[in-house]
Amino acid sequence: MSERRSDPLGAASEGGNVPFALALSDGDRERLEEVERLETRGESAVGALIGRLAEPSWAVRRAVVAGLARLGDPALGPLCEVLKAQRDDEVRLAAVVDALSASGGDVEGALLRLLGDAAAPSAPVLCDIAQILGRRKSAGAVAALAALVTHEDDNAAVGAIEALGRIGGAGAVEPLLAAISSGRFFRIFAAIDVLGRSGDPRALPPLLGLLDDPLYALEVVRALGKAGEATALTGILGRPEDDYVRAAALELVELHARQIERLGVDHGIPAALHQAALGTDLISRLSGVMAAAAPAEQSALCRILGWVGGEAAADAVLGLLDAFPLVASDVTAALTDLGREAEPRIRRAIREGDAARRLLLLPLLHARAASLPELRLCLADPEPEVRACAASALGLVGDPSVVRELFDLLGDLDPAVVQAASGAIQSLGSAQTEALALEAARSSVPRIRRAALRIVSYFGYPSGLDLLIEAMRGADERIRDVAIQGLPFIDDPRSLEALLEAAAHPSPSSRASAMRALGHTSQDEPAVIACLSRGLADPEAWVRYYACQALGRLGCVSALDAIVTLMGDEAGHVQVAAVEALARLGTEQAVVALRRVVDAVDPDLARAALLGLANLQRKDTLPLIERAVRSPDRATRLVALAAAAALDMEEVREILRAAAADDDDEVRAAAIGHLAASALAR
Amino acid sequence: MTKLPLSPQVFAILSALVEERSGLHYSLSSIDLFAAKVSQRASEAGFESLLDYYYFLRYDTTSNEELAELVDALVINETYFFREADQLHVLVNDLLLPAVRAGQRPRVWCAACATGEEPLTIAMMLAERGILGKVELVATDIGRRALGKARDGVYGARALRALPPSARRWFVSVGAEHRVDADLRAAIQWRRVNLIKPEEFSSLGTFDAIVCRNVLIYFSEATIRRVMDGLAASLRPGGRFLVGASESLLRLGTLLRCEERGGAFFYSKVVDG
């Protein structure tokens, strides 16, 4: 059997088997097995396999093709015979072409002999021969194919042109250039495409010469795109023919994308467009052809305008938002490309536009003082998303003069707006913030009061303690809970007293909030530890949960036994909190308890235990991690990888390397990320 | 807004829980969007940690309501009137109209209708042809808020960006708000349904056409297969299934056969025998 050569079809797979992911009927499967048995007989099976080339089942036919390809030289003669003389069945013919294209034998020799036969093959046969030689990229056949380019039959000539295109190389270009000058439509058309893909600079002049012929012009534009001729395409943008302009725009954008993808840089297409536009009416030309453009072309024209740059381009791009709403995302991309030049226009569009316009454009505004008037205006927009976006942007601008207006938003009915305003207030700070926060914390409107209390806590204003305590003792549960959570951040002994008081509140939610808040205090306070320990026995599960969490956070080893007991709590989340607390405590007793739950049925328990053991740098965790990395559950594999990464051990790298071949994209990405991080650390 | 920290591990368990309960699939590439939406819900529910929030959703027996709110926040309701209208025109002209003329009363289900633009578009097309009352339209979605908006029928300009001039008559505009004609809204039965739970829609009956466009893209492959099994069972033999222009069911090997009509692609349920 000949050595297997390249397998352009991918038809020859391991052991000759067609992948069984295909749905095969019983009959197909039997015939497939029969083909495999035939192939093992070698040369003597050629005839039988040839007889099966017209198999109705695609899967079985693929196997026949692969088998004949693998048999190599012994199959060539019969295959060429079928190619020449048994042309009544398209399915069989296609299979023969595939088999010859993939064959490990001396196909070139066989086909060149066929070409040189005294009885010249018919045009259809020549087409197939050309196709095969092209698919095999037979450089030795260039001369023969070049001769075919001038064959009297167009189909044969086109077949040869396409084959030369696949083979490539300097020798293949000359006959293609000759085809361009042939005056024959089909040959010229085929040669344009092939020359474009060749990227050979000799192709440029004859291609450009065809631009004035409407029969070929659009194909030339596409070929210039494939050839990467950005300068030529830029020149076409100024032509009077609208469809050429649209096609050139599309090609330029695709060329740009290919350059970025392959090389990371764009070889100056935007800069060249900017230059080309100077002193011309290119911007109005591009805008003028939008109306009749297909969506992809409109998108490309937008991008081009963005690259052209300048205020006029910014005006044109913004004008497209109204006329062509479906290209809104391309407009924002173009405006981003335009950068600072577009900003005055963007600000005006925001001032004058509706909510939809503002939502598109607000993210493009840079965090600069110049944008303040527009952002302020948007704080009063009827659309909550606009208000929230504007509030967030104001936080980035950094001008504290807007703080009062942001406080006005704390009463907004939309929680996202309130959160955005709160975040901005926290970012900005200001001399007025404390007074405004205290005033708002006295509001009769609950949502304002809640937001204001959070701000008081964030900044830790001692002047706000009385308000927090008053809120903590109030009737509104949500306000009470916010106040409780804010108490640890006020540096005053009374805040701890208030927390301990809250820990005994009749409301389970408030007790839970108190437990959580106590985790931010100090374990040096016996009263805190006693309170949290009582919380472990609270009838409400969330109180026990946060008490556990807080004790772990404070490193309170004295509570260990009680926490271990909670691993058998009726509430699943309390069990998990106990595991996480034990992981923080890290004593030998804690480790023993953690090892007991590493194989828990509840995956969250098992994951928490695994991660805890790894964070304790327990080297005996390694076998557990190795097992968890093979878990059928993706989240468990991810946690196991995080656990592995936490262990500072050489063996961990093997685990990560194996996980880098995981079937799941995210697990693979995590493994590679951890490997990279460990490499950097070294 | 301020996002709560979300590690890849917590993202994995949170997104798995969301997918298990709603079918919505978020990959790691969408972690920022997921984090923003979940953070907002978690903060609103009083949590400062997304891991605490996850345990609440996972273990607390009272969390169903919050999960519904979270799903509402996560569902991407990007739709507009007359989106990919060619396909709907073919549905109405080539399939529904002939059925009505033959004396039938075809049933159409818009599964995952979001804020209602799609079923209302179909209702407009039916009304244009004078057969609105002769076709039964059912529209469902998992999002309560979206369904509420659909029932109200009030939309902003963005939803009308592809509206043909002839359809303007179905709206009454007051300022920046545009309300759909009450008769059109009333012609549609609006229901809340989770497509990954066949028990929630089996009572809807069977349909001559199911429209499920630009929805399956938010599901994982395994969920798509599960959903399609349920939807195919709800389709009458010979019924048509419509997916979005960028979607394909050919790889699923279902009972549905792809066909083309008037440039639009449909899947038809193979008739037994």
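Because the structure is predicted, anything quoted here is derived from the model rather than measured. The chains referred to below are lettered A, B, ... by the order of the sequence lines, with proteins before strands, and numbering in each begins at 1.
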Exercise for review: Just jot down the salt bridge (Lys or Arg N to Asp or Glu O under 4.0 Å) partners of A:Arg553, sequence neighbours excluded, or say none.
Suggested key: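 None.
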Is the ring pair [X]/[Y] parallel, tilted or perpendicular, if the boundaries are 30 and 60 degrees?
X        : Y        : answer
B:His89  : B:Phe82  : tilted
A:Phe489 : A:His520 : tilted
B:Phe11  : B:Phe34  : perpendicular

Tell me, for [X] versus chain B, whether the close heavy atoms (under 4.5 Å) come from the side chain, the backbone, both or neither.
X        : value
A:Asp604 : both
A:Asp481 : neither
A:Arg516 : side chain
A:Gln485 : side chain
A:Arg607 : side chain
A:Glu580 : side chain
A:Asp664 : neither

Review point. Is B:Arg179 reaching over with its side chain to a backbone N or O of B:Ser173, donor-acceptor style, under 3.5 angstrom?
Key: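 Such a contact is absent between B:Arg179 side chain and B:Ser173 backbone.
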Check your understanding: Taking the side chain from B:Ser39 and the backbone from B:Leu4, do they hold a donor-acceptor pair closer than 3.5 Å?
Key ->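 Yes; at least one donor-acceptor contact below 3.5 Å.
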Point to revise | Choice from A:Arg634, A:Arg450, A:Arg478, A:Arg357 maximising heavy atom contacts with chain B below 4.5 Å | key: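 Among the listed options, the one with the most contacts to chain B is A:Arg478.
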Practice item. Would you mind telling me which of A:Gly572, A:Ala669, A:Ser427, A:Gly395 has the largest number of heavy-atom pairs within less than 4.5 Å of chain B? Key: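 Maximum pair count with chain B is reached by A:Gly572.
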Check your understanding: Among A:Val639, A:Leu638, A:Thr636, A:Leu610, whose side-chain contact (heavy atoms from CB on, under 4.5 Å) with A:Ser631 holds?
Key -> A:Thr636
Exercise for review: Go through the side-chain N and O atoms of B:Arg213 and B:Gln87 and say whether any donor and acceptor fall under 3.5 Å apart.
Suggested key: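 Judged by distance alone, the side chains do pair up.
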Review point. Which residue out of B:Ser15, B:Gly46, B:Ser29, B:Ser7 racks up the most heavy-atom pairs below 4.5 Å with chain A?
Key: B:Gly46
Exercise for review: Flag the pair B:Tyr80 / B:Leu160 as yes when at least one side-chain heavy-atom distance between them is below 4.5 Å, and no otherwise.
Suggested key: no
**Study point:** Partners meeting side chain to side chain donor-acceptor pair (under 3.5 Å) with B:Arg144 (sequence neighbours left out)
**Key:** B:Glu65, B:Glu69
**Study point:** side chain to side chain donor-acceptor pair (under 3.5 Å) involving A:Ser457 - partner list, sequence neighbours excluded
**Key:**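 Result, side chain to side chain donor-acceptor pair (under 3.5 Å) vs A:Ser457: none returned.
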Exercise for review: Check whether B:Ala157 gets within reach of chain A through its side chain, its backbone, both or neither, counting any heavy atom under 4.5 Å.
Suggested key: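 For B:Ala157, the side chain is the part near chain A, not the backbone.
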Practice item. Select all residues of residues 51-59 of chain B having any heavy atom within less than 4.5 Å of some heavy atom of chain A, and report them by number, or 'none'. Key: B:Leu51, B:Asp52, B:Tyr54, B:Tyr55, B:Phe56, B:Arg58, B:Tyr59
